[in-house]
Amino acid sequence: MDKLSLYGETFASRLLIGSALYPSPAIMLEAVRASGAEIITLSLRRQNPAHQDGKVIWDYIRSSGCKLLPNTAGCKSAKEAVTLAEMSREIFQTDWLKLEVIGDDYSLQPDPYGLVDAAKELSKRGFKVLPYCTEDLVLCRRLLDAGCEALMPWGAPIGTGQGLLNKYNLRMLRERLPDTPMIIDAGLGAPSHAAEAMEMGFDAVLLNTAVAKAHDPVAMGGAFKMAVEAGRAGYNAGLMLARQTASPSTPTIGMPFWRRQSQ
Amino acid sequence: MPPEIEITLNGEPTQVRDDALSEVLQACGYAGVGFAVAINGEFVPRSAYAQTKVSAGDLVDVVAPVAGG
């Protein structure tokens, strides 16, 4: 069976999904179920004890039955990310972590230096770190050296829905790190983007906004499920090589109306 | 009764008794297990709440689960 393997655990689904931005918690749960995702991301924020809104969404997320992947979204330094990771581990009782260290508020581009520092420290502390990173080969190698066993390069900036912006780098990353589980995280807007990432040989995709902000999030969850499965099946089947010139698929031998031209 | 001190709780100036973190949290309405705490940017494990003293000027953050991507 062609399963996704991350930190010694296997998953039938190659789609990881976020829990934010849905019209309601009930629609979130239904969309997650429609997507077939087995891993769901969530986060931590300051809580006022008078407001229990967080508890409602937390109950819905738990009832999804998915494996929890807490993130460190919004952290701007390794220190902040490490502290938030420890808080996550205590609340969610999991070593798994989607590590985010943001270096630019406008593009939400990961800070490569903070990311490596945080990954080193968190790996030392026993976390299973899945870093949200750019598609930079050298950064990815440093993250592996820091103890990460999987990587999550971006397709495009978070929430943009632009798809795979730097296919050259992504292809090179896949070729140069053939044995590292890699999940395309962020920037996917359409099921075709997810299928393309899977056809390129990436191991999985992680998305949120594309499903949550669709006109019908539940239907879109199902659409992404099919796209990820189709893309993976296509990759496994082996894509033909693209070429510049036309080549007829119908045999040319035996073509009627043809005759040798007299000289 | 311990004297009052001012801390910053989740970004807001807050008057609390000069006491252990466990007492301060309870007085501020935090109960159960669905939250985690950091003081001045350092994680404080739940097992240390009773022995951790809150001091004037401390930045106390209490976080709970939210949806995330």
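Below, read A as the first sequence line, B as the second, and so on, with proteins coming before strands; counting in each chain starts at 1.
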Answer key: most heavy-atom pairs under 4.5 Å with chain B among A:Arg46, A:Lys79, A:Gln47 is A:Arg46
Residues of residues 6-14 of chain B with a heavy atom under 4.5 Å from any heavy atom of chain A, in residue-number order, are B:Asn10, B:Gly11
Residues 28-44 of chain A vs side-chain hydrogen bond (donor to acceptor under 3.5 Å, both in side chains), sequence neighbours excluded, gives A:Ser43-A:Asn71
Okay, A:Asn48 and chain B: the region with an atom under 4.5 Å from a heavy atom over there is backbone
For residues 17-30 of chain B against chain A, heavy atoms under 4.5 Å, the residues are B:Cys28, B:Gly29, B:Tyr30
Most contact-rich option vs chain B, by heavy-atom pairs under 4.5 angstrom, among A:Ala186, A:Ser19, A:Pro70, is A:Ser19
With chain A, the option among B:Ala38, B:Ala36, B:Ala31, B:Pro45 that has the most non-hydrogen atom pairs under 4.5 Å is B:Ala36
When the 4.5 angstrom heavy-atom criterion is applied to A:Tyr22 and chain B, the contacting part is neither
If you tally heavy-atom pairs under 4.5 Å between each of A:Leu42, A:Asn208, A:Leu206 and chain B, the highest tally belongs to A:Leu42
**Request:** Determine whether more than 12 heavy atoms belonging to other residues, nucleotides or ligands lie under 6.0 Å from atom NZ of A:Lys67.
**Result:** yes
When rounded to the nearest 0.5 Å, the distance separating CG of A:Leu84 from CZ of B:Phe43 is 10.5 Å
Applying a strict 4.5 Å limit to non-hydrogen atoms, the region of A:Ile61 in contact with chain B is side chain
Pair count under 4.5 Å, heavy atoms only, with chain B: among A:Glu90, A:Glu100, A:Lys98, highest is A:Glu90
Against chain A, residues from residues 49-69 of chain B with at least one heavy atom under 4.5 Å, in numeric order, are B:Tyr49, B:Asp61, B:Val62, B:Val63, B:Ala64, B:Pro65, B:Val66, B:Ala67, B:Gly68, B:Gly69
Original post:
More than 12 foreign heavy atoms under 6.0 Å from OH of A:Tyr113: is that the case here?
Top reply: no
